[in-house]
Amino acid sequence: MAKYPVKQPLKNLTESLSKQMSQIDTDLKSRTLTYNNIKGNLQSLERKTVGNLLTRTLADIVNKEDFVLNSEYLITLLVVVPKTSYTAWQKTYESLSDMVVPRSTKMIAEDGESGLFTVTLFRKVIEEFKSKARENKFIVREFYFNEKELQSEKDEIVKLAADKKQQYGPLLRWLKVNFSEAFIALIHIKALRVFVESVLRYGLPVNFQAVVLHPNKKSMKRLRDVLNAIFRHLDEAAAANMKDVGMDIPGLQLSNQDYYPYVCFKIDLTNLDF
């Protein structure tokens with residue numbers, strides 16, 4: 001009574017309901033957009049940690065000790081070698097260029113298809129080494145060790161996971177509360193519609209009974225047949241399509257076949273087995 005006073009004009013009530021639903025819809029879009037952005041960014045980073053050694057991120061695999069750092073002349077490359085070519089790699093990597101550091105390779109990771117090897121060489125022969133490696137089906141990953149960038153990537157994943165967890169609880173509570181509010185508003189819109197259509201159909205003074213029937217699933221067809229038989233004479237066109245028209249509420253989808261409101265003069269339904 002406090003929220004939807006019956007003494008208020010119908011126009012005021014409908015405006016209040018519409019304003020409430022619009023606000024719920026706006027808040028829903030804003031909250032879900034924020035949550036989905038965080039979730040999407042996190043999933044994007046997490047996808048980089050799966051897959052084979054050719055595509056996945058190497059941030060959680062490599063260590064500082066695997067690289068020659070801060071050298072003007074030397075650089076360490078990462079090479080993906082098929083499992084069937086391990087022996088060929090060990091025999092040929094030093095000869096792929098004239099300036100490869102001997103015995104500088106070691107395997108630092110392995111998956112079901114290939115292994116990830118390091119190799120150290122002079123900077124000026126990088127392109128030559130890559131070309132010769134491709135000819136032997138060894139794939140050089142475009143990866144250069146930067147400790148700050150790797151740590152930043154790890155920190156970003158941790159931060160996004162924490163933000164997602166922080167957003168989830170309040171969003172879930174908001175959804176529970178506002179689904180209830182939206183459903184209440186929907187029922188009031190149904191009640192307004194029943195009242196207006198009843199007055200338009202039967203005129204004044206008001207003399208009708210609104211009934212909501214929730215039958216067992218097995219009884220739905222029989223209920224429709226009985227109601228159709230009783231009230232067909234009131235509206236032949238409507239009787240041809242017995243489904244109640246659903247209300248299109250933004251952000252709320254409810255089946256319009258779960259409840260069947262009919263407006264009629266007061267009659268006794270107690271003898272019907274529903």
Side-chain angles (χ1 to χ4, degrees), residues 29 31-168 171:
K29 290 178 179 177
R31 290 170 182 268
T32 53
L33 179 63
T34 300
Y35 178 78
N36 286 333
N37 283 341
I38 294 173
K39 182 180 178 182
N41 292 336
L42 179 60
Q43 288 177 338
S44 178
L45 290 176
E46 288 178 337
R47 277 196 295 269
K48 294 180 180 179
T49 64
V50 297
N52 59 41
L53 292 171
L54 289 171
T55 57
R56 62 160 295 164
T57 180
L58 303 177
D60 58 337
I61 294 178
V62 300
N63 295 304
K64 185 177 181 180
E65 295 74 20
D66 298 325
F67 296 84
V68 174
L69 302 174
N70 305 317
S71 172
E72 183 179 352
Y73 301 105
L74 296 176
I75 187 172
T76 299
L77 300 181
L78 297 177
V79 184
V80 179
V81 180
K83 278 190 171 183
T84 56
S85 302
Y86 283 0
T87 302
W89 167 256
Q90 293 290 350
K91 290 180 178 180
T92 61
Y93 80 92
E94 293 179 3
S95 61
L96 294 178
S97 174
D98 293 336
M99 295 186 176
V100 177
V101 177
R103 299 181 182 179
S104 63
T105 189
K106 69 173 182 177
M107 187 170 68
I108 60 175
E110 187 179 33
D111 62 17
E113 302 172 357
S114 55
L116 185 67
F117 289 80
T118 61
V119 60
T120 302
L121 59 150
F122 280 78
R123 291 180 180 272
K124 66 180 182 178
V125 297
I126 290 177
E127 294 305 320
E128 178 188 351
F129 182 88
K130 288 181 178 179
S131 177
K132 292 289 184 64
R134 280 196 298 270
E135 291 176 5
N136 289 272
K137 298 183 179 179
F138 307 140
I139 308 301
V140 179
R141 286 289 305 265
E142 295 293 335
F143 180 89
Y144 300 99
F145 187 87
N146 185 313
E147 192 170 15
K148 289 184 179 180
E149 289 183 4
L150 295 179
Q151 187 60 46
S152 175
E153 185 175 331
K154 292 178 182 177
D155 292 343
E156 182 68 11
I157 292 178
V158 173
K159 179 180 180 298
L160 288 173
D163 289 346
K164 178 186 173 185
K165 185 176 180 181
Q166 186 179 15
Q167 290 283 337
Y168 179 78
L171 176 61

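Counting from 1, the numbers follow the sequence of the chain as shown. Scope of the values below: all heavy atoms of this structure, side chains included, with no hydrogens, waters or symmetry mates.
Between Lys106 and Phe117 there is no side-chain heavy-atom pair separated by less than 4.5 Å. Side-chain atoms of Ile157 and Lys154, non-hydrogen and from C-beta on, never get closer than 4.5 Å to each other. Residues Thr105 and Val79 fail the side-chain proximity criterion, which asks for heavy atoms closer than 4.5 Å. Phe143 has its side chain within reach of Val62: a pair of non-hydrogen atoms, C-beta onward, lies under 4.5 Å apart. The side-chain heavy atoms of Ile61 and Arg56, taken from C-beta on, include a pair separated by under 4.5 Å. Taking 4.5 Å as the limit, some side-chain heavy atom of Thr118 sits within range of a side-chain heavy atom of Leu78.
Using cut-offs of 30° and 60° for the angle between ring planes, the Trp89 and Phe129 rings count as perpendicular. Note on ring orientation: taking the six-membered ring where Trp is involved, the planes of Phe122 and Tyr73 are tilted (angle from 30° to 60°).
By the 6.0 Å contact criterion, CG on Asn136 is enclosed, its count of non-hydrogen atoms from other residues, nucleotides or ligands being greater than 12. Counting non-hydrogen atoms of other residues, nucleotides and ligands closer than 6.0 Å to CD of Gln166 gives a total of 12 or fewer.
Side-chain atoms of Asn63 do not come within 3.5 Å of backbone N or O of Asp66 as any donor-acceptor pair. Distance alone, capped at 3.5 Å, places no donor-acceptor pair between the Ser71 side chain and the Val68 backbone. Between the side chain of Tyr93 and the backbone N or O of Ser104 there is at least one donor-acceptor pair closer than 3.5 Å. Of the possible donor and acceptor atoms, one in the side chain of Thr92 sits under 3.5 Å from a partner among the backbone N and O of Ala88.
Annotation: the span from Ile75 atom CD1 to Thr120 atom OG1 amounts to 9.5 Å, rounded to 0.5 Å. Here the straight-line distance linking atom OG1 of Thr55 with atom CZ of Arg47 works out to 12.5 Å at 0.5 Å rounding. In this structure, CG on Leu58 lies 6.0 Å from CG on Leu116, to the nearest 0.5 angstrom. Atom-to-atom distance recorded for Leu53:CG and Glu113:CD is 8.5 Å, nearest 0.5 angstrom. The distance from the CG atom of Leu96 to the CZ atom of Phe138 is 6.5 Å, given to the nearest 0.5 Å. Taking NZ from Lys83 and CD from Glu110, the interatomic distance works out to 4.5 Å, rounded to the nearest 0.5 Å.
Shown here are the side-chain hydrogen bond (donor to acceptor under 3.5 Å, both in side chains) partners of Tyr144, two or more places apart in sequence or in another chain: there are none.
Leu42 and Lys164 get closest at one heavy-atom pair: CD2-CD, 3.9 Å. When all heavy atoms are compared, the tightest approach of Val81 to Tyr86 is O-CE1, 3.5 Å. Across Gly115 and Met107, no two heavy atoms sit closer than the pair CA-SD, 4.1 Å. Listed here is the closest heavy atom pair of Pro82 and Ser114: CA-CB, 3.9 Å.
Taking 4.0 Å as the cut-off between side-chain N and carboxylate O, Lys130 and Glu142 count as a salt-bridged pair. The pair Lys159-Asp155 does not meet the salt-bridge criterion, since no charged nitrogen lies less than 4.0 angstrom from a carboxylate oxygen.
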May I have the step-by-step check of side chain to side chain contact (heavy atoms under 4.5 Å, CB included) for Leu121 and Leu77, ending in yes or no? CA-CA 8 Å; Leu121 59 150; Leu77 300 181; 3.7 Å; yes
Where do Thr57 and Glu153 land on the side-chain hydrogen bond (donor to acceptor under 3.5 Å, both in side chains) test, with the steps shown first? CA-CA 10 Å; Thr57 180; Glu153 185 175 331; 3.1 Å; yes
